[in-house]
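For reference, the structure is listed below as structure tokens.
These numbers come from a predicted model, not from an experiment. Both ligands and their constituent atoms are indexed starting at 1 by order of listing.
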Amino acid sequence: MPLLLSCCYNSPMTYDLIIIGGGPAGSAAAVYAARKRLKTLFITSEWGGQSVVSEKIYNWIGTNSLSGNELAENLKKHVLANTGESLEVSEGERVSNVTKNNSEFLIKTESKKEFNTKTILIASGSSRRKLTAKNADIFEHKGLTYCASCDGPLFADMDVAVIGGGNAGFETAAQLLAYCKSVTLFNRSDVFRADQITVEKVLKNPKIKAIKNAQILEITGDIFVNGLIYKDISGEPKELKVVGIFAEVGQIPNTDFIKGLVPLDEINRVKIDARNQKTEIPGIWAAGDCTDVLYHQNNIAAGDAVRAVEDIYLTIHTK
Ligand SMILES: Cc1cc2nc3c(=O)[nH]c(=O)nc-3n(C[C@H](O)[C@H](O)[C@H](O)COP(=O)(O)OP(=O)(O)OC[C@H]3O[C@@H](n4cnc5c(N)ncnc54)[C@H](O)[C@@H]3O)c2cc1C
């Protein structure tokens, strides 16, 4: 029977480890921590992390393909199957603040719960970066969207644009190509960041056009989007008529709650030692998309978190 935390808030006990975040990183860490019998609390606002919005994920090792929702469901089931004496789960809870208290840490949540712990694993991932073009704020949810699987079908048989040439941008384009009239993909540099296999597959579709070295200047429309203005390598502003714009322009790390305590890089990712996931603060580790490692993927996040738990276990047991 899974042990969900419901009765023991504000208890003075000290956990060995508190894991913050229920994406691939936090979930992998929870399973490993439970099996190592670390007294662990797992806190997450939601299950599954960023790729829950994906229609299909093809590179989660051990599975040919699965939807983002299935990934979230599998992670949740796996974590809950490991709850018991060593692992407790607090879901639907958001950490708002972490402070150091002598050799321990005090974690506070938005709903005013407090927990003490010897060590912390930050696995809070990242969230969507917003498009900064003129009028982008005005047209959000009025034709400008950040989620193809949520809003894409509204644009069936219409002309749409995708902003961003990373994996998320190409994945979005692939979804839209199934039912939109045309997809124009804008990439800000000369090189796409998405995996080559995905780029090749998507660009084979006759309904797609890719524009490189493009900067989006303005979103146009009246009540709803009717186009965008961009600048390409020619330097001249140009207009494209589209009714839907899907922005996939990167991620912002979810690290506000540890600002001032844990050193972050210039874009607010947690600085870690990639050999062991240690931050510069003894007792705090971080893994996955909230960290300053070069590559961010589901399998990488899970693997990094496992490395962190190995190191946390060793640190606790060699003190
Ligand atoms: C649209 C899209 C498609 C993608 N497709 C793929 C793909 O096909 N294959 C692939 O390998 N990767 C893909 N990625 C990248 C992949 O999703 C990330 O690398 C991965 O999710 C990172 O995992 P994580 O556990 O570090 O963080 P996240 O997945 O971001 O999870 C963070 C978790 O922490 C929780 N959280 C955040 N802040 C707090 C807080 N303060 N308190 C409590 N909980 C908190 C969140 O609710 C969330 O559950 C995709 C990303 C996107 C955006």
Side-chain angles (χ1 to χ4, degrees), residues 18-30 41-61 63-72 75-76 79 89-98 107-111 113 115 120-129 145-150 152 162 164 166-175 193-195 197-198 246-259 268-270 272 277 285-306 308:
I18 290 185
I19 298 166
I20 304 169
S27 303
L41 174 63
F42 170 94
I43 305 177
T44 191
S45 46
E46 281 162 36
W47 289 96
Q50 294 158 54
S51 41
V52 287
V53 297
S54 285
E55 221 161 69
K56 283 277 177 234
I57 297 167
Y58 294 99
N59 54 9
W60 181 241
I61 289 304
T63 316
N64 283 348
S65 84
L66 81 177
S67 70
N69 280 325
E70 285 169 324
L71 174 69
L75 293 177
K76 179 174 178 175
V79 171
V89 168
S90 179
E91 57 180 304
E93 194 75 64
R94 181 169 280 277
V95 171
S96 55
N97 183 253
V98 180
I107 290 190
K108 293 185 182 170
T109 68
E110 283 181 355
S111 61
K113 286 158 193 157
F115 306 101
I120 297 173
L121 175 62
I122 305 164
S124 49
S126 59
S127 311
R128 301 288 172 93
R129 183 184 299 283
T145 162
Y146 293 85
C147 180
S149 36
C150 322
V162 172
N167 279 318
F170 270 87
E171 201 183 300
T172 291
Q175 285 185 41
R193 278 175 298 109
D195 299 335
I197 187 169
T198 313
F246 294 81
E248 290 292 351
V249 290
Q251 302 294 119
I252 298 180
N254 299 320
T255 53
D256 278 358
F257 62 93
I258 35 104
K259 259 187 191 158
N268 289 329
R269 299 175 306 185
V270 183
I272 55 144
Q277 309 298 130
W285 284 252
D289 280 25
C290 64
T291 68
D292 65 345
V293 293
L294 288 180
Y295 308 106
H296 291 143
Q297 284 280 279
N298 286 318
N299 292 296
I300 294 174
D304 285 355
V306 171

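Of the candidates Ala28, Pro24, Gly49, Gly288, it is Pro24 that places a heavy atom closest to atom 23 (O) of ligand 1. Within the set Asp304, Asn254, Asn298, the minimum heavy-atom distance to atom 11 (O) of ligand 1 is found for Asn298. The option from Glu171, Glu46, Gln297 that lies nearest to atom 4 (C) of ligand 1, judged by heavy atoms, is Glu171. The option with the heavy atom closest to atom 17 (O) of ligand 1, from among Gly166, Ala29, Ser51, is Ser51. For the residues Arg94, Gln251, Gln50, the heavy atom positioned nearest atom 28 (P) of ligand 1 is part of Gln50.
Here the closest non-hydrogen pair linking Cys290 and Ala123 is SG-CA, 4.3 Å. Shown here for Gly21 and Thr44, the closest heavy-atom pair between the two residues is C-OG1, 3.6 Å. Residues Thr172 and Ala148 come closest through the heavy atom pair CG2-CB, 3.6 Å.
If you look at Ser126 next to ligand 1, the close heavy atoms, those under 4.0 Å, all belong to the backbone. Contacts of Ser45 with ligand 1, taken as heavy-atom pairs under 4.0 Å, involve both backbone and side chain. Here Ala123 has backbone heavy atoms under 4.0 Å from ligand 1, and that is the only part of it that gets that close. With a heavy-atom cut-off of 4.0 Å, Ile20 touches ligand 1 through its side chain alone.
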Practice prompt. For Thr291 and Asp304, run side chain to side chain donor-acceptor pair (under 3.5 Å): C-alpha distance rounded to whole Å, both residues' side-chain angles, the deciding distance at 0.1 Å, then the answer.
Written response: CA-CA 10 Å; Thr291 68; Asp304 285 355; 5.0 Å; no

Practice prompt. Applying side-chain contact (heavy atoms from CB on, under 4.5 Å), run through Phe257 and Ile107 and close with a yes or a no.
Written response: CA-CA 10 Å; Phe257 62 93; Ile107 290 190; over 6 Å; no

Worksheet item: Where do Leu71 and Val52 land on the side-chain contact (heavy atoms from CB on, under 4.5 Å) test, with the steps shown first?
Response: CA-CA 7 Å; Leu71 174 69; Val52 287; over 6 Å; no

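Of the polar atoms of Asn59, at least one N or O is found under 3.5 Å from an N or O of ligand 1, judged by distance alone. Below 3.5 Å of separation, one finds no N or O of Glu248 facing any N or O of ligand 1. Annotation: Ala168 places no N or O atom under 3.5 Å from an N or O atom of ligand 1; distance criterion only. For a threshold of 3.5 Å applied to N or O pairs, the pair formed by Tyr58 and ligand 1 contains no separation below that value. Note: an N/O pair closer than 3.5 Å links Asp289 and ligand 1 by distance alone. At least one N or O atom of Ala25 sits closer than 3.5 Å to an N or O atom of ligand 1.
In this structure, atom 2 (C) of ligand 1 lies nearest to the protein heavy atom Ser54 OG, 4.0 Å. Residue, atom and distance of the protein heavy atom nearest to atom 37 (C) of ligand 1 are Ser124 O, 3.2 Å. Gly21 CA, 3.2 Å is the protein heavy atom nearest to atom 34 (O) of ligand 1. When hydrogens are left out, the protein atom nearest atom 40 (C) of ligand 1 is Val95 N, 3.7 Å; that is the closest non-hydrogen contact. Nearest protein heavy-atom neighbour of atom 1 (C) of ligand 1: Arg128 NH2, 3.6 Å. When hydrogens are left out, the protein atom nearest atom 27 (O) of ligand 1 is Gly125 CA, 3.2 Å; that is the closest non-hydrogen contact.
Partner of Gln251 under the side chain to side chain donor-acceptor pair (under 3.5 Å) criterion, out of Gln50, Arg129, His296, Arg269: Gln50 alone.
For Asn167, the heavy-atom gap to ligand 1 stays at 4.0 angstrom or more. For Lys56, the closest heavy-atom approach to ligand 1 does not fall below 4.0 Å.
Annotation for ligand 1: atoms under 4.0 Å from non-hydrogen atoms of Phe257 are 41 (N). Ligand 1 places these atoms under 4.0 Å from at least one heavy atom of Gly23: 25 (O), 31 (O), 33 (C), 49 (O). Interface atoms of ligand 1 facing His296, defined by a heavy-atom separation under 4.0 Å, are 19 (O).
Residues passing the salt bridge (Lys or Arg N to Asp or Glu O under 4.0 Å) test with Asp289: none are found, sequence neighbours excluded. Considering only residues two or more places apart in sequence or on other chains, Lys259 meets the salt bridge (Lys or Arg N to Asp or Glu O under 4.0 Å) condition with Asp256.
Crowding of Glu46 atom CD: a count of heavy atoms from other residues, nucleotides or ligands under 6.0 Å not exceeding 12.
Side-chain contact between Ile120 and Ile20 is present, with at least one heavy-atom pair separated by less than 4.5 Å. When side chains are defined from C-beta on, Ser65 counts as touching Tyr58, because their heavy atoms get closer than 4.5 Å. Within the 4.5 Å cutoff, no side-chain heavy atoms of Trp285 are placed close to those of Ile272. Using a 4.5 Å heavy-atom cutoff, the side chains of Gln297 and Tyr295 are not in contact. In this structure, Asp195 and Phe170 have side chains that are not in contact, with every pair of non-hydrogen atoms separated by 4.5 Å or more.
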